[in-house]
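In this text the structure is predicted, and so the values were computed from the model without any measurement.
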Number of protein chains: 2
Amino acid sequence: MGRPKEFDERAAIGRAMEAFWERGYEGTSTQALCEATGLGRSSIYNTFTSKHELFVRALDHYAERGQRDRAELLESCETGIECFRALFAYTIDDDIQGRRGCLVVNTVAEFGDRDPEISARIDADTRRHVSLLTACAAEGQRDGTIDTAHRPGDIAEFAHSTVTGLRLMSRRGAERAAMEAVAELALTAIAAR
Amino acid sequence: MGRPKEFDERAAIGRAMEAFWERGYEGTSTQALCEATGLGRSSIYNTFTSKHELFVRALDHYAERGQRDRAELLESCETGIECFRALFAYTIDDDIQGRRGCLVVNTVAEFGDRDPEISARIDADTRRHVSLLTACAAEGQRDGTIDTAHRPGDIAEFAHSTVTGLRLMSRRGAERAAMEAVAELALTAIAAR
DNA sequence: CCAGTTTTGCATTGATCAGTCCAAAATAGG
DNA sequence: CCTATTTTGGACTGATCAATGCAAAACTGG
């Protein structure tokens, strides 16, 4: 009962996510959030309580989206090394479009570990990302495409660090060739030799 | 002539840099800058014109400091690969203390390429950093400690990306062991085999 | 069609934002 | 000691910040 919402909550979070992604938390005013989502202040505060809460929801939305995309991407890879090749290529292709980097990376840079609620999301997302890559590394060591000299978890940390490096290069406006060189070298570090 | 300044301009910029480093540009109010520097508003505006101008000065200060530290660090290395090993070790040791990451990295994440004046500083600093590392890579290929399969410039881009990845790991509060694993794998990527 | 419930638009809140103004204070040159 | 010049502290500016209040609007169950 009661008056029904005139907007789709998920879509609104998506728009808010885009705004935060582009300008950061402090750099995005509630007014800007109203314009980005097309909602009035009342609707935003009635639904999301506060700017901080909306940011957390946007961060969760981003993390879920990323997790889903990565899972889909890696599922289609035949070998372990192909997972990492595809991951780097996807990172470059996806990011070179808008050059907005990664919301998680930007958020880490903006907040550090100052905000416990946000840190918890960052940590959870990082752990999930790294453990997915750990599985890829282990798979690659089984199928002979990835060097067995390093532990799968270390390889995953390394690949994760490389992806964040690429995201930052993109946000900075680095040349595609430079990004591809980084990806190529990262691959040689983990490939079977 | 006129009343003399009661403070050291360089020291004030250093304090402002620390504040921006910790909280970012948008997250650091002019009030916070007064408290960090110990100056009154008048002194700040009389000397630095605007918050933006002070930020640019702080960024320059940070970049110079970094350039000096890196040059000093790399000068003491015997071989090419030692340069990179020392660079990664320094990044981990230096950053693990305060876990504030890197002002340049944080600034890239906050601004992207939205602010031309800031972008120009970022680009210049990145170019200087990468070209220093390019020289290390070339040196390493000459002295036989670095793999010749890749171009020195690509190796430099890769190492630079690794350093930014490490800086972000630190800001996020990653475990030291994970950071060391990343550094170790990056080294195996470029070492002669 | 009415009572109860929720959403919405708009005005408004007090706090804080970056930046300015001004008069007192502190110097140097004459 | 006087004048010109600069710095300094502190009050002040209008704008914008995140968040709230309130009443009209829009629905559902009865």
With sequence neighbours excluded, give me every salt bridge (charged side-chain N to carboxylate O under 4.0 Å, His left out) pair touching residues 65-81 of chain B.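 Salt bridge (charged side-chain N to carboxylate O under 4.0 Å, His left out) check on residues 65-81 of chain B returns B:Arg70-B:Asp125.
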Return a single string for nucleotides 19-28 of chain C, one symbol per nucleotide in 5' to 3' order, where B is base contact, S is sugar-phosphate-only contact and - is none, cutoff 4.0 angstrom on heavy atoms. BBB---BBBS
Sugar-phosphate only, base, or nothing, as touched by A:Phe7 at under 4.0 Å among non-hydrogen atoms: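 If one applies the 4.0 Å heavy-atom cut-off, A:Phe7 turns out to touch the sugar-phosphate alone, with no base involved.
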Rounded to the nearest 0.5 Å, what separates atom CD1 in B:Ile118 from atom CG in B:Asp113?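 B:Ile118 CD1 to B:Asp113 CG: 11.5 Å, rounded to 0.5 Å.
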Would you mind listing every side-chain hydrogen bond (donor to acceptor under 3.5 Å, both in side chains) that reaches into residues 177-191 of chain A, with sequence neighbours excluded?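 Those involving residues 177-191 of chain A are A:Arg176-A:Glu180.
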Phosphate OP1/OP2 of C:dT16: any B:Ser29 side-chain N/O under 4.0 Å: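 No, because none of the side-chain N or O atoms of B:Ser29 sits under 4.0 Å from OP1 or OP2 of C:dT16.
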Starting at CZ of B:Arg23 and ending at P of C:dC17, how long is that distance when rounded to a whole Å?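 One finds 11 Å between P of C:dC17 and CZ of B:Arg23, rounded.
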Starting at atom CG of B:Leu33, determine the distance to atom P of C:dT16, rounded to an integer number of angstrom.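 Those two atoms, CG and P, are 16 Å apart.
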Determine yes or no for a side-chain-to-main-chain donor-acceptor pair under 3.5 angstrom, with B:Glu110 supplying the side chain and A:Ala109 the backbone.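 The answer is no, because no donor-acceptor pair under 3.5 Å joins these two groups.
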Provide the closest heavy-atom pair for A:Ala71 versus A:Leu132 in the form atom of the first, atom of the second, distance.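 Looking at all heavy atoms of both residues, the closest pair is N-CD2, 4.4 Å.
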5' to 3' contact window, DNA chain D with chain B (heavy-atom distance under 4.0 Å):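 Using the under 4.0 Å cut-off, the span is D:dT5 to D:dA11.
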Listed by chain and number, what are the salt bridge (charged side-chain N to carboxylate O under 4.0 Å, His left out) partners of A:Arg172, not counting sequence neighbours?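 Partners of A:Arg172 by the salt bridge (charged side-chain N to carboxylate O under 4.0 Å, His left out) criterion come out as none, since no residue qualifies.
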By salt bridge (charged side-chain N to carboxylate O under 4.0 Å, His left out), which residues pair with A:Glu6, not counting sequence neighbours?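 A:Glu6 satisfies salt bridge (charged side-chain N to carboxylate O under 4.0 Å, His left out) with A:Arg3 only.
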I'd like to know if A:Ile190 and A:Leu185 are part of one continuous hydrophobic network [Ile/Leu/Val/Met/Phe/Trp/Tyr, side-chain heavy atoms within less than 4.5 Å].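 Same cluster.
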